[in-house]
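These notes are about the structure you will find just below.
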Amino acid sequence: MNVSSRGRFTFSGGVHPPENKSLTCESQIQPGPEVKQVAVMLSQHIGAVCRPLIRKGDAVQAGQKIGDSDAFVSAPVHSPINGKVKEIALRSHAVLGRSLAIVIETDDEGPAKRPSFQVPADFDVSKYSAEQICEVVRKGGLVGMGGAGFPTRVKIEQDPRIPKDALIINGCECEPYITCDYRIMLEWTSQIIAGIKLAGKASGCSKVFIGIEDNKPQAIEIMSAALRDSGDADGIIAVPVKTKYPQGGERQLIKAILKKNVPPGGIPPMIGVVVLNVATTAAIAEAVVSNLPLTHRVVSVTGEAIAKPGNYYVPIGTSVEDLLEFCGLAPQKSAKVILGGPMMGIAIADLKTPITKTTNAVTVLMKEQIGSAKFARRQTPCIRCGRCLQACPENLNPTKIAHAVKNNLLDVAERYNIGTCIECGCCSYVCPANIEVTGYIKTGKIFLARQKQKMPR
Ligand code: SF4
Ligand code: SF4
C-alpha cells in the first residue's frame, strides 16, 4: 500500500453532496471570542455522566477538574477559564435536550490564555509506558472529538482478550462545510504525529494508517512529508481514500482501508481496530507531553449567513450565541443553526447551547437551503426506485425500515436491522419522493430504546 494508490480505498454505497468547504478551508485556526462565561456540560461523552466536584461560589482555575465519574466508560470535565462557579444548572444539550452544566464566570483578570503547545524537539515516545499514556488520557478528559464522544482511554487501552492490531487515524472529514480537521492536519501536523505514536504505543497496534479523503491533496502531502521527516514513524502510512460521504464513519473507514466489517451493533475494538479522529490525536499529544486537559477545541463556524466564517479555537462551554456574534451572524439571512454539518449534525433552537468536546462545527443554513414554506420540497409516495438501498453504506433496506416504523411495527424494523443504521442521512438525501426516511428510522430507534428501558412515552 502506498500513497499513490489515490482514491481506490472506499466502501459500497454513500453519496457525494456538494462540499461547500471553500468558505473556511483557507481560514487558519484563530482564537475565538474572549468569553465572560462558559457552561461546561457534565455529559459530553458516551458513558456515565460526571458528578460536579465543586459548588456554587467556588473559585476555579483554568485546567482544574470540575466533574468526574467512577465509571470505566466516562471522562472527567475541566474548567477552560479562571473564575467562579455561578451555578450548576440545566442547559440545552444538542443530543439530550437538557442536561446539567457547571456555569463559570471569569474573574477580574479575565479568562486565562491556554498555553500554546509545541512538540518538543526531544520528544521520544519510548519515555512513556502504555499505562502512563492511558492514565493521562483518562485524566485529561479525552473523548472522540469527531463523533459521538467515546472516551479515548477506553478505546486505546489494551485488552488481552482481544489484542488490538490496527490503528486508523480519521482525517476524512466527509461532512459538507466542515474544515476544522483539515486545518488541524495542515497546521498541527507534528502534534498529530506525536499523538499517533503515543496512541500506537498505548494500544499496542502494529499497523497505523492515516485515512484522508482525496479531495485534500495538501493534507495528504503534508502528513506524508512529516512522516518521512520523522525519524521513528516507520509503519505509519497516509492512505488517500475516495471522497465520498460518509467515508469518515468508523465502520466505513475500516471497510475502506482494512476490508474488514465491524459486526452489526458492535464497535471497532471487537475486531482489534482503534479509530481516532485527527483532533483527538493532537489532543493526546497535548495531554501526555504538556499535561494539558481537553478544555479547548477548534470549531468551524460556517455558512453563507456568517460574515467571518472560519476555524476558531474556543473554550469548551462557550455558547453558540457568543461564537456566532463574534463571527458576525446575519440573523435576517439565517434559518437553521446546526451543531455539526448538514448531513449528520443536529439543529438547535436555543443559541445558549454550549460548545462541547464533540462540537466540530456550527453551520448556519439559509431559508432557501432548507424546507421553509416558500422553498419546501413536497413529499410524495414511495415509487420503489431503490435509490435508498443503493446509497445505504450499511446495506440496509431503508424504505422497508421506515415503512415498518410508520406503521408502528417495531419488531419488523428490528428484523430489518434498524439498530445498524448509523443515521448518515444518505437515504433521505437521494430519495426522489422527498421522504424523510432517516427521520422515520431515528424515531423508530428512539421508540425501541424507550421500549427496552420500559420508559413511558
Ligand atoms: S438507513 Fe441509516 S445507514 Fe442507511 S442510508 Fe439511511 S440513515 Fe444511512
Ligand atoms: S429512495 Fe425514496 S422513493 Fe425510492 S425506494 Fe427509497 S423511499 Fe422509496
Heavy atoms of I162 and G272 approach each other most closely as CG2-N, 4.0 Å
Interatomic distance, CD1@I236 vs CD1@I169, rounded to 0.5 Å, equals 8.5 Å
Rounding to 0.5 Å, atoms NZ (K127) and CG (L198) come to a distance of 11.0 Å
Item checked: Exceeds 12 heavy-atom contacts within 6.0 angstrom, atom NZ of K201 -> yes
Six-ring centre of Y182, K21 cation under 6.0 angstrom, axis tolerance 45°: no
CD1 of I316 to OG1 of T359, rounded to nearest 0.5 Å, is 8.0 Å
For this session: Answer yes if the side chains of T358 and T356 hold a donor-acceptor pair under 3.5 Å, and no otherwise.
Result: yes
Output for pair (N277 CG, N170 CG), nearest 0.5 Å, gives 6.0 Å
With a cut-off of 3.5 Å and sequence neighbours excluded, list every side-chain donor-acceptor pair involving residues 439-447.
from: T443; atom 1: OG1; to: G439; atom 2: O; distance (Å): 2.7
from: K445; atom 1: NZ; to: C421; atom 2: O; distance (Å): 2.7
from: K445; atom 1: NZ; to: E423; atom 2: OE2; distance (Å): 3.0

Donor-acceptor pair, side chain of N407 and main chain of H403, under 3.5 angstrom: yes
Does atom NZ of K260 have more than 12 heavy-atom neighbours from other groups under 6.0 Å away?
yes
Here the gap from L351 atom CG to L324 atom CG, rounded to the nearest 0.5 Å, amounts to 6.0 Å
Would you indicate whether the side-chain heavy atoms of V241 and C172 approach each other to under 4.5 Å?
yes
**Item:** Residue pair V289 / E286, side-chain heavy-atom distance below 4.5 Å
**Value:** no
Minimal heavy-atom distance between C134 and R153, with the atoms involved, is O-CG, 3.2 Å
Fill in: Short side-chain donor-acceptor distance under 3.5 Å, T10 and Q247
yes
Can a donor-acceptor pair be found between the side chains of N215 and E19 at a distance below 3.5 Å?
-> yes
Practice item. Could you tell me whether the side chain of I348 reaches within less than 4.5 Å of the side chain of S92, counting heavy atoms only? Key: no
Tightest non-hydrogen contact, residues K244 and C174, listed as O-CB, 3.8 Å
In short, salt bridge (Lys or Arg N to Asp or Glu O under 4.0 Å) pairs touching residues 381-406 with sequence neighbours left out are R251-E394
### Query
Should we say atom CZ of F123 is surrounded by more than 12 heavy atoms from elsewhere, each under 6.0 Å from it?
yes
* Asked: Just wondering, more than 12 heavy atoms not from E414 lying within 6.0 Å of its CD?
  -> yes
Salt bridge D159-R161, side-chain N to carboxylate O under 4.0 Å: yes
Exercise. Can you find a side-chain donor-acceptor pair between S27 and T24 that sits under 3.5 Å?
Worked result: no
message = Between F11 and I254, is the side-chain contact (heavy atoms from CB on, under 4.5 Å) condition met? List the steps.
response = CA-CA 9 Å; F11 61 95; I254 291 170; over 6 Å; no
Would you kindly say whether H45 and S74 are connected by a side-chain donor-acceptor distance under 3.5 Å? yes
For a quick check under 3.5 Å, do N311 and T179 share a side-chain donor-acceptor pair by atom type?
yes
Taking the side chain as every heavy atom from C-beta outward, state whether C180 and I178 have any atom pair closer than 4.5 Å.
yes
Between the CG atom in L186 and the CG atom in D181, the distance rounded to the nearest 0.5 Å is 11.0 Å
In short, A402 meets V437 closest at the heavy-atom pair CB-CG1, 3.8 Å
